[in-house]
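Accompanying notes for the structure given below.
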Amino acid sequence: MERATVNGHCAPGFARVREAFERNFSVHGDVGAAVTVTVDGEAVVDLWGGHTDAAGTRAWEHDTLVNVYSTSKGMTALCAHLLADRGELDLDAPVARYWPEFAQAGKQDIPVRWLLSHRAGLIAPREPLSAGRAYDWDHVCATLAATEPWWEPGTAQGYHAVTFGYLVGEVVRRITGQSLGAFLRSEITEPLGARVFIGTPAEEHAHCADMVGQLDEARIAERFPGVPKPPFRSLSDHPLATVMLALTYIPTGDVNSAAYRSAEIPAGNAHASAHGLATVYGALAGGKLVGPGTLEAMRRSQSLPGERDLAIDALAPAGYEHRWGLGYMLNHQRHSGPNPRAFGHGGAGGSWAFADPENRLSYAYAMNKYGGGTTGDDPRNSGLVTAVYESLARARG
């Protein structure tokens, strides 16, 4: 494979971000990637390089789309907050107000905010889906509506790795009559000119990069050999039962297929450019999408002091504490820079995007080689974020 060529631009004072981006190829083995940073809505960093395939035959372009896995959740949550900002969705109302079938199996009182904050106990159905069923929206939603929660809703947080998108997406669909992906496109991304899709149109597939390497599930299996596959009777069946259940819906063998790219799996299969993600978060940071009250609500912690996440923290070092806003990862671990009020979401493999309203900044990194996990600790991302804020500090004197 030829050496990666980096294209794009950095504003004066942001050269160290380009250096960090180039190190991701030379030191950390990136295959293809892009990073965009906006300040006051203007791109001060907009870089891309490498290749969209493992063989190195197709160059990464400015408009290249890539599967960003759970970085998708930030876009999905934003759709719900847009409706809340318009007064069409009450986050404290029962989900069943909008989705009556959801009231089955003792779920009649679960409020919408517990879907957004991973507190609903619906990390998976009681039986795994059969092959291909993750693409059948109505079937998945009907299954989840009939599912008994895995813990008493509201009493614990546990990352709903894949079900998050169906649960929040179905509420959006019931209110608007549009699928989550269609609503995202018509109300947010198309007006902003942002290349972010959940349910990627066939005409865009030629612009999609292939994922290269292994997904988290395979990495977990390597790290913890002998972990049984679902179904489980309860979360006490195995120490990693919550983790494995949370990954139930992920189609692991076909993420580069047309079927996967066209499907709507709003928790994990957005195909986006870094520029597109940064454009959306930049508009959010600039107050162009929701009002200040909604912006504050989005990043208000829904986690209890000292509370561990039943899924994410099962794989984390002792003492790790994950905090959720309403659909967003909060920044107490400082993976999104020094501002504790920055918020966003990461994805399996290493993608990361966030808004920093106090600094009027947005950031997005997207790549096609699997690296770190969803929580932002990938050295490729951390090196870029560090360089961004060092540059910003210098630029502001």
Side-chain angles (χ1 to χ4, degrees), residues 67-93 95 97-99 102 111-118 120 122 137-138 140-141 144 160-201 263-272 276-291 293-300 302 324-329 343-347 353-355 362 364:
N67 183 19
V68 294
Y69 286 103
S70 286
T71 301
S72 311
K73 290 183 176 70
M75 302 295 102
T76 297
L78 180 56
C79 292
H81 288 294
L82 193 64
L83 292 174
D85 195 67
R86 295 173 177 176
E88 298 178 50
L89 172 61
D90 180 353
L91 300 184
D92 291 311
V95 175
R97 174 187 296 181
Y98 308 103
W99 179 4
F102 187 82
V112 175
R113 71 170 54 247
W114 288 355
L115 302 185
L116 287 161
S117 54
H118 303 272
L122 295 171
W137 184 271
D138 290 339
V140 174
C141 289
L144 290 173
H160 290 46
V162 185
T163 57
F164 177 95
Y166 296 105
L167 295 167
V168 176
E170 182 64 3
V171 171
V172 170
R173 190 180 75 85
R174 294 295 178 112
I175 293 171
T176 67
Q178 294 180 277
S179 71
L180 189 287
F183 183 79
L184 173 70
R185 191 170 177 182
S186 66
E187 299 297 317
I188 299 172
T189 59
E190 280 192 347
L192 291 173
R195 288 180 57 73
V196 181
F197 302 96
I198 294 177
T200 305
E264 291 194 23
I265 306 177
N269 87 327
H271 286 69
L277 290 167
T279 296
V280 175
Y281 274 109
L284 188 57
K288 296 180 179 179
L289 292 176
V290 299
T294 300
L295 185 66
E296 284 304 298
M298 293 166 76
R299 53 182 174 162
R300 188 173 298 131
Q302 305 298 301
W324 291 106
L326 286 170
Y328 295 92
M329 293 178 164
F343 66 102
H345 217 291
F354 65 85
S362 72

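No hydrogens, no waters, no symmetry mates; every other heavy atom, side chains included, goes into these values.
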Taking the side chain as every heavy atom from C-beta outward, state whether His81 and Leu91 have any pair of such atoms under 4.5 Å apart. yes
Measuring from atom CE of Met75 to atom CD1 of Ile198, what distance do you get when rounded to the nearest 0.5 angstrom? 8.0 Å
Just by modelled atom types, is the Val290 backbone N or O under 3.5 Å from a matching donor or acceptor in the Asp85 side chain? no
Are any of the side-chain heavy atoms of His271 and Val68 separated by less than 4.5 Å? no
Test item: Ser72 side-chain N/O and Ala270 main-chain N/O as donor-acceptor pair under 3.5 Å: yes
Contact between Met298 and Leu78 at the side-chain level, heavy atoms closer than 4.5 Å - yes or no? yes
Short N-O contact, Arg86 and Glu187, less than 4.0 angstrom: yes
Do Trp137 and Arg173 come close enough that some side-chain heavy atom pair is under 4.5 Å? yes
If you round to the nearest 0.5 Å, how far is CG of Leu284 from NZ of Lys288? 11.5 Å
Ignoring hydrogens, what is the shortest heavy-atom contact between Tyr281 and Tyr328? Give both atom names and the distance. OH-CE2, 3.6 Å
Donor-acceptor pair, side chain of Tyr98 and main chain of Glu170, under 3.5 angstrom: no
Which heavy atom in Ala161 sits nearest to a heavy atom in Ala267, and how many Å separate them? O-CB, 3.4 Å
For the CZ atom of Phe183 and the OG1 atom of Thr189, what is their distance to the nearest 0.5 Å? 11.0 Å
Quick check for you: to the nearest 0.5 Å, what is the distance between His160 atom NE2 and His118 atom NE2? 7.5 Å
Less than 6.0 Å separating the ring centroids of His345 and Trp324? yes
Taking it one step at a time, do Trp114 and Gln302 satisfy side chain to side chain donor-acceptor pair (under 3.5 Å)? CA-CA 9 Å; Trp114 288 355; Gln302 305 298 301; over 6 Å; no
Atom pair SG/CG of Cys79 and Leu89 - distance to nearest 0.5 Å: 11.5 Å
Does the Ser362 side chain pair with the main chain of Ala355, one donor and one acceptor, at a distance under 3.5 Å? no
Test item: Arg174 and Arg97 side chains (from C-beta on) under 4.5 Å apart, heavy atoms: no
Side-chain heavy atoms of Asn269 within contact of Phe197, under 4.5 Å: no
Quick check: do Phe164 and Ser117 have side-chain heavy atoms less than 4.5 Å from each other? no
Do side-chain atoms of Ser70 reach the backbone of Lys73 as a donor and acceptor pair under 3.5 angstrom? no
From Leu116 CG over to Thr76 OG1, what is the distance, rounded to the nearest 0.5 angstrom? 10.0 Å
Looking at every non-hydrogen atom in both residues, tell me the closest pair between Cys141 and Tyr166 and how far apart they are. SG-O, 4.0 Å
Hey, are the side chains of Phe102 and Leu115 touching, using non-hydrogen atoms and a 4.5 Å cut-off? yes
Taking all non-hydrogen atoms of both residues into account, name the closest pair between Leu277 and Val196 and its distance. N-CG2, 3.8 Å
